Amino acid sequence: LDEAIAQNCIKQPDGNIVKEVSLSHKCKILELRVYNPVALRVYFNFENEIVNFASVEQKSNPDQNDDIKNAEKLLIHLNSK
């Protein structure tokens with residue numbers, strides 16, 4: 001996360017450390033890719049200068065789209081408050 005912030009990838013996803021993975025236009029979903037010590041995907045968005053974290057998932061999950069859909073539901077709920 002520190003590297004993503006230092007490289008301004010939170011506001012401007014670079015496709016390497018942070019990638020936009022939105023499946024719909026309802027909510028922008030970003031994915032922070034963590035490789036060490038274990039491969040993880042952190043789903044979040046950045047709204048009004050606030051980072052909202054939705055979930056942390058193992059990269060090895062067979063259906064990443066389900067993880068993204070679940071993150072979208074949570075982020076839509078968080079952003080509506």
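The chain is numbered in sequence order, starting from 1. In this text, all values refer to a predicted model and were calculated from it rather than measured experimentally.
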(message) To the nearest 0.5 Å, what is the distance between CD on E57 and CG on D66?
(response)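 Rounded to the nearest 0.5 Å, the CD-CG separation comes to 10.0 Å.
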
Would you please name every residue forming a side chain to side chain donor-acceptor pair (under 3.5 Å) with [X], sequence neighbours left out?
X	answer
E47	none
E72	S24
D67	N61

(request) Kindly write out the residues that satisfy side-chain contact (heavy atoms from CB on, under 4.5 Å) with V56, not counting sequence neighbours, or none if the list is empty. (result)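 Residues passing side-chain contact (heavy atoms from CB on, under 4.5 Å) with V56: L40, V42.
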
(request) Applying side-chain contact (heavy atoms from CB on, under 4.5 Å), name anything that partners N48, two or more places apart in sequence or on another chain. (result)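 Counting only residues at least two positions away or on another chain, N48 forms no side-chain contact (heavy atoms from CB on, under 4.5 Å).
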
(message) Within the 4.5 Å heavy-atom criterion, are N70 and S55 side-chain neighbours or not?
(response)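 Not touching, per the 4.5 Å side-chain cut-off.
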
Could you tabulate the donor-acceptor pairs under 3.5 Å formed by side-chain atoms of residues 30-39, not counting sequence neighbours?
unit_1	atom_1	unit_2	atom_2	d
E31	OE1	R33	NE	3.0
E31	OE2	Y43	OH	3.2
E31	OE2	Q64	NE2	2.4

(message) Which heavy atom of L75 sits nearest to which heavy atom of N52, and what is that distance?
(response)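 Closest approach of L75 to N52: CD2-O, 3.4 Å.
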
(request) Give the minimum heavy-atom separation between C27 and N45, together with the two atoms involved. (result)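 For C27 and N45, the tightest heavy-atom pair comes out as SG-ND2, 3.5 Å.
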
